[in-house]
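Written below as structure tokens is the structure these notes are about.
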2 protein chains.
Amino acid sequence: MMNNTKNFDKSREQNSLESAEDYTELIYDLISLKGEARVVDIAASLGISHVTAIRTISRLEKKGFLITKSRSPITLTKKGTSLALFSKNRHQTLLKFLLFIGVPKQVAEKDVEGMEHHVSKTTLKTIESYMGQHT
Amino acid sequence: MMNNTKNFDKSREQNSLESAEDYTELIYDLISLKGEARVVDIAASLGISHVTAIRTISRLEKKGFLITKSRSPITLTKKGTSLALFSKNRHQTLLKFLLFIGVPKQVAEKDVEGMEHHVSKTTLKTIESYMGQHT
DNA sequence: ATGTTAATGTAGCCTAGGCTACAAAGCTAG
DNA sequence: CTAGCTTTGTAGCCTAGGCTACATTAACAT
């Protein structure tokens with residue numbers, strides 16, 4: 001009889017990592033650009049309703065990526081900041097690579113959004129090294 | 001006041017296309033290899049319970065990708081077969097490309113699983129052409 | 001200081017995908 | 001031909017992410 005938790009964790013760590021990456025990255029950028037990250041802006045940036053954003057943010061808080069205080073801007077924890085930086089870097093690398101092989105900018109930008117969450121560290125390293133050698 | 005249907009369609013056509021691709025591809029392969037595609041085998045191959053498989057399959061039937069008959073093997077419609085072939089081809093191309101740039105086989109195989117659904121036709125074409133030129 | 005607007009939060013509904021537990025149908029062997 | 005295993009199907013629960021509608025809080029302007 002298989003313990004349910006395993007499968008949970010599996011999809012949770014997949015799905016939820018994706019939103020964790022998207023949200024922390026976005027929050028990081030918002031803080032950089034606007035000085036603070038607010039729910040409205042997050043929702044607007046992601047093209048979703050503020051309600052959905054609030055719920056997801058509260059889940060991410062439970063998982064230790066960020067901190068919320070009622071009606072105050074959102075801040076990233078250390079864990080959240082690390083994830084944001086990692087995601088941003090991966091995003092950039094991948095984008096550069098697509099452009100490098102000749103994908104049109106607009107297409108590359110859109111494709112990266114979906115692909116980035118599924119690229120392992122090994123593949124990322126390989127890409128970096130490949131671009132290094134073929135410059 | 002935004003019409004709800006739009007957002008629905010957006011996520012539906014994303015999410016559901018992913019499973020449509022996975023399922024049609026798998027069913028296609030099962031028919032090739034075993035002569036027929038049964039729920040148990042689909043579930044086993046995807047590593048999910050047969051219940052989840054049944055539900056998803058029934059959704060895909062509603063969307064015209066396949067046909068089920070109670071307690072009989074599953075068959076693909078024309079639409080389903082096209083999608084399967086397209087997905088298989090994209091999968092292969094992407095895998096070849098990752099191997100080409102030097103990603104270890106095991107890693108490549110795993111990464112492709114996630115990435116493939118997010119690679120546009122344009123990017124796919126670009127990859128093909130790039131590999132053609134750099135052989 | 002009060003009234004309007006913007007931001008946040010709550011309730012409740014939907015789809016999709018995950019599960020277990022149980023029920024029914026079909027095969028296959030005795 | 002019946003007992004038992006395998007396959008398929010149903011009921012019901014969970015998480016995650018999407019929404020609208022409504023409520024509350026805060027900020028701002030007059």
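Letters go in sequence order (proteins before strands), and every chain restarts at 1.
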Measuring to OP1 and OP2 of [N], would you say a side-chain N or O of [X] lies under 4.0 angstrom away?
X: A/Ser49; N: D/dC19; answer: yes
X: B/Ser19; N: C/dA16; answer: no
X: B/Thr52; N: C/dG17; answer: no
X: B/Lys63; N: C/dA16; answer: yes

Next on the checklist: Looking at A/Glu113 and A/Lys110, is there a salt bridge between them, counting it only when a charged N and a carboxylate O are closer than 4.0 Å?
Outcome noted: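 Salt bridge: no.
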[atom1] of [X] versus [atom2] of [N]: gap in Å, rounded?
X: A/Arg38; N: D/dA27; atom1: CZ; atom2: C1'; result: 11 Å
X: A/Glu18; N: C/dG17; atom1: CD; atom2: P; result: 14 Å
X: A/Asp22; N: D/dA16; atom1: CG; atom2: P; result: 15 Å
X: A/Ile42; N: C/dT8; atom1: CD1; atom2: P; result: 9 Å
X: A/Leu17; N: D/dT15; atom1: CG; atom2: P; result: 18 Å
X: B/Tyr23; N: C/dG17; atom1: OH; atom2: C1'; result: 8 Å
X: A/Leu30; N: C/dA7; atom1: CG; atom2: P; result: 13 Å
X: A/Ile54; N: D/dA21; atom1: CD1; atom2: P; result: 17 Å

Any base atoms under 4.0 Å from [X], or only sugar-phosphate, or nothing? Heavy atoms, all strands.
X: A/Ile48; answer: sugar-phosphate
X: B/Arg55; answer: base
X: B/Val39; answer: sugar-phosphate
X: A/Arg59; answer: base

Checklist entry - Going by heavy atoms closer than 4.0 Å, what residues in residues 64-76 of chain B are next to DNA chain D? => result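 Here the set is B/Ser70, B/Arg71.
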Item to check | Residues which pass side-chain contact (heavy atoms from CB on, under 4.5 Å) with A/Lys105, listed by chain and number, not counting sequence neighbours | outcome: A/Leu99, A/Glu109
Which residues pass the side chain to side chain donor-acceptor pair (under 3.5 Å) test with [X], sequence neighbours left out?
X: A/Arg38; result: A/Glu36
X: B/Asp29; result: B/Lys88
X: B/His91; result: B/Glu116
X: B/Lys34; result: B/Asp41

Item to check | Closest approach of A/Glu18 to A/His118 (non-hydrogen atoms, all atoms of both residues) | outcome: OE2-NE2, 3.3 Å
Checklist entry - Does the ring of B/His50 meet both stacking tests against the six-membered base ring of D/dT8: centre distance under 5.5 Å and plane angle under 30°? => result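 Given the distance and angle limits, yes, they stack.
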